[in-house]
Every structure is written in structure tokens, then in C-alpha cells.
Amino acid sequence: MSTAAYSFLRDYRVSKKNKTTIAALGECMLEISSLQALAGRVVPAQIGFGGDTANTCVYLSRLGVDTQYVSALGDDCFSDWIIDNLKYEGVGTQYLHQFTDRVPGLYAIQLSPDGERSFKYWRDGSPAATMLDDVENQHSVFAALSKHPWVYLSGISLGILSNKARDALMTFLTEYRNSGGKVVFDGNYRPMLWGSSAEAANAFSEIYTLSDIAMPTYEDEVEVFGHSSPDQALEFIAMKGVPEVILKLGEQGSRHVVRGFVGAVPAPSVDVVDTTSAGDSFNAGFIAARLNGHDVEVASAFAHRLASTVVQHRGAIIERRFMPSLEDIVGSLAVNN
């Protein structure tokens, strides 16, 4: 690693008491949802914003966790609108760079009758995908991340990057963790971002060795690694040295391995409207509970409650009034036990 990068890490050791608890690296895009064909015409779509790590940041902020979103957008009115919305949600945008003459990525959500979603993307060459393509930008991003005690990223955060940029990020995260930083990784897999599942498997395997908390979804792990059971997936990730592994199993709940101890937490049964951001909100609920000192079982239970609320509404970000309270859930768990 360069001398400049090492200086960032020296600064990190000085700034551990930075107000921001988590810095998230990823991409926030424009979102088109509720697109339907009706009597030979297309009804107006809803325009929103979203992206897995951005969604998690919004929910973390609503749960009282200080967050900073590290990414890149353009200098257009749509990018300004996304930034204004993140600020409104209390997400820090101090390190969100705006490239000149660029526009944000775009994705459209298509829903099946059972609430499962598929996506169409327009993100090639987006600002976030190229934010680590030159050394100057790398230094800026790594300096931002190094100021905070926790870094959060996902398989999408890795998948949008070039191989060279991804290698630089892995090098930085190695030194960041060696200097006391904590890494949370969500193994969110989108095949179209990778040359092959083998390429993704190599990157995921490497980031697992650098993670303090891993929060993969079982279906993604099957696609990437070919695991034949949740037990196999849990064992594989735990063997990488991850202290806490939480494997999301959708409506079947979650399973976890924490320093050798295995457990499972069920998910509430609800009528699913839209599964968009189910995993992102689960991650936020879990992280917020853990940072508030709750154990893995309580954190998982709250994470499931938040995710089960989110999937009963359309879009990645639900209205704030529908948010469950961490204190209420913890209190109900105490009564039930």
C-alpha cells in the first residue's frame, strides 16, 4: 500500500471517536417502480431512489445509528435530488463525490404476483462504478472510510468495480482491519455484475477473510459457491475466520454461527407485497441492535421484524411511520421469555 494510504490509517487511529459509527461504500441509483401495462398502455411509474447499501444506511439512520454514505453521483438535478433525500433521512453525504457531466445509474423493479422482484439496470460506467478507477479518487475514498470505526459494503459494492479497483479496495480493507477497523459484509450477488460466478466466489472468499460480521443470503451463496445446504454455507464462511455469520433464509428466518456457537431465529409470517430491500432492512436492524449492545438472537429477531414490515409495502424505503421500534421489540422479547 502507498505511503498516502498508510497516512489515512494513522489518521484513523486518531479519529476513532468520530461521531459517525458506520461508513457504507456502494451505489445509490434512481429507481423506477410500479411500472404496469394496462389496456394497451403503460401507467405512470413511480420514481424513487435506492441501492442496497444506501437502503441500509437509511434504515440505520432511522434507528439512531450515525451513518456516512461513501459513493459517487453526477452533477445533475437527479443526483442533487438523491443527495437531498439522503440528507433528509439523516444519512451523511460529506464523502459523496459528484463527478462533472455525469448522471446516476438507473434501475427498474418488476414484481411478480407473489411479491418477488426482478430488476433491469442501466448502470454501465456510472459514477459509483468508476469512483476507484484512478489513484486520486482511491485516496479520497479510502481517507473517508478510514475515519470511521465500521465499514459496511456488499457484493454489489464489489461487483460494480473494475478488477484493479477491487484489488485496491481489498488492500485498503486489509490494512484498515489490521489497524482496528471493523468490516460488515452483505453477500448480495447480482450475476450481471460479474464475469462469472467463479470471479464472484474469489472476491467473496477474500472479503470474508476481512469481515467481522458477514450477512449473506443463502440463495446467493448457492449461486456463487454451489452450496447444497445452509449448514454447508455457514461452515464455509465461518471457516474463513468470520466472528459472526448470519445467514438469511427468507421466510424461514435466519441461522447464525457466532464464535463457534450455532443458533436459529424464525421470521414472522406476513403477507408479502414487495421483497425489495428485505435483506437491506434486515441488515440495518441487526447492526443497529448489535451496536446497542444486544445479543445475536435479539438482534436477529428485531432484524426479522423490520424486514417483515418492509416487505408489506412497495419500494425499497417504507414510510417512517411504519418503522418498528427497537425498544418495543426488545421489550416484547423480554416479556415473552
Side-chain angles (χ1 to χ4, degrees), residues 23-35 44-61 67-111 116-133 137 141 144 152-162 165-166 169 186-194 200 217 220 274-281 283-284 310 313-318:
L25 180 73
E27 178 173 29
C28 192
M29 297 176 288
L30 292 171
E31 174 193 270
I32 300 176
S33 59
S34 300
L35 187 64
Q46 295 178 355
I47 300 296
F49 68 96
D52 62 342
T53 51
N55 300 337
T56 298
C57 275
V58 169
Y59 287 117
L60 280 169
S61 178
T67 64
Q68 191 72 236
Y69 197 55
V70 181
S71 186
L73 287 167
D75 61 350
D76 61 298
C77 62
F78 294 105
S79 295
D80 291 340
W81 178 75
I82 290 174
I83 293 172
D84 287 343
N85 276 278
L86 290 173
K87 288 180 178 179
Y88 174 79
E89 289 289 353
V91 176
T93 59
Q94 178 182 352
Y95 304 109
L96 208 165
H97 182 72
Q98 291 186 265
F99 286 111
T100 304
D101 297 326
R102 303 283 290 279
V103 295
L106 172 71
Y107 71 98
I109 302 173
Q110 295 176 298
L111 290 177
E116 285 299 326
R117 78 274 195 232
S118 59
F119 300 91
K120 299 292 184 183
Y121 291 96
W122 295 265
R123 76 194 315 171
D124 288 347
S126 69
T130 57
M131 63 181 165
L132 296 180
D133 279 358
N137 287 339
V141 169
Y152 175 78
L153 72 163
S154 73
I156 293 178
S157 306
L158 299 179
I160 63 174
L161 301 175
S162 67
R166 195 182 306 136
L169 175 61
D186 169 23
N188 201 356
Y189 176 59
R190 294 288 183 269
M192 72 284 293
L193 296 178
W194 300 89
T217 299
D220 290 338
D274 181 357
T275 58
T276 304
S277 200
D280 308 333
S281 56
N283 295 347
V310 169
H313 301 85
R314 293 195 182 278
I317 307 297
I318 65 173

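Keep in mind that this is a model prediction, so the values were computed, not measured. Counting begins at 1 with the first residue of the sequence.
The two residues Lys87 and Thr93 have their closest heavy-atom pair at CE-OG1, 3.1 Å. When all heavy atoms of Gly50 and Asn55 are compared, the closest pair comes out as CA-OD1, 3.4 Å. Ser157 approaches Thr53 most closely through the heavy-atom pair OG-CG2, 3.6 Å. Closest of all the heavy-atom pairs between Ala284 and Thr56 is CB-O, 3.6 Å. The shortest non-hydrogen separation linking Tyr69 to Cys28 is OH-N, 3.5 Å. Pairing each heavy atom of Ala72 with each of Phe99, the nearest pair is CB-CE1, 3.4 Å.
Residue Asp75 holds its CG atom at 8.0 Å from CG of Asp80, rounded to the nearest 0.5 Å. Atoms OG and CD1, on Ser71 and Ile160 in that order, are 6.5 Å from each other to the nearest 0.5 Å. How far CG of Leu25 is from CG of Leu153: 6.0 Å, rounded to the nearest 0.5 Å. The CZ atom of Arg190 sits 13.5 Å away from the CG atom of Leu158 when rounded to the nearest 0.5 Å. Note that CE of Met131 and CG of Leu96 are 9.0 Å apart. Values are rounded to the nearest 0.5 Å. Rounding to the nearest 0.5 Å places CG of Asp52 at 12.0 Å from OG of Ser281.
Evaluated for a side-chain contact (heavy atoms from CB on, under 4.5 Å) with Tyr107, the options Glu31, Arg123, Glu27, Lys120 yield exactly one hit, Glu31.
The side-chain heavy atoms of Asn283 and Tyr59, taken from C-beta on, include no pair separated by under 4.5 Å. Within the 4.5 Å cutoff, the side chain of Leu86 has heavy atoms near those of the Val58 side chain. At a threshold of 4.5 Å between non-hydrogen side-chain atoms, the residues Ile32 and Ile47 count as touching. Here the side chains of Asn85 and Ile317 are not in contact, with every heavy-atom distance at 4.5 Å or above. Taking 4.5 Å as the limit, some side-chain heavy atom of Asp133 sits within range of a side-chain heavy atom of Ser162. Within the 4.5 Å cutoff, the side chain of Leu73 has no heavy atoms near those of the Phe78 side chain. At least one side-chain heavy atom of Gln98 sits less than 4.5 Å from a side-chain heavy atom of Ser79.
Panel note: side chain Asn188, backbone Gly155; no donor-acceptor pair is recorded below 3.5 Å. With hydrogens and angles ignored, the 3.5 Å screen pairs no side-chain donor or acceptor of Thr67 with any backbone N or O of Ser61.
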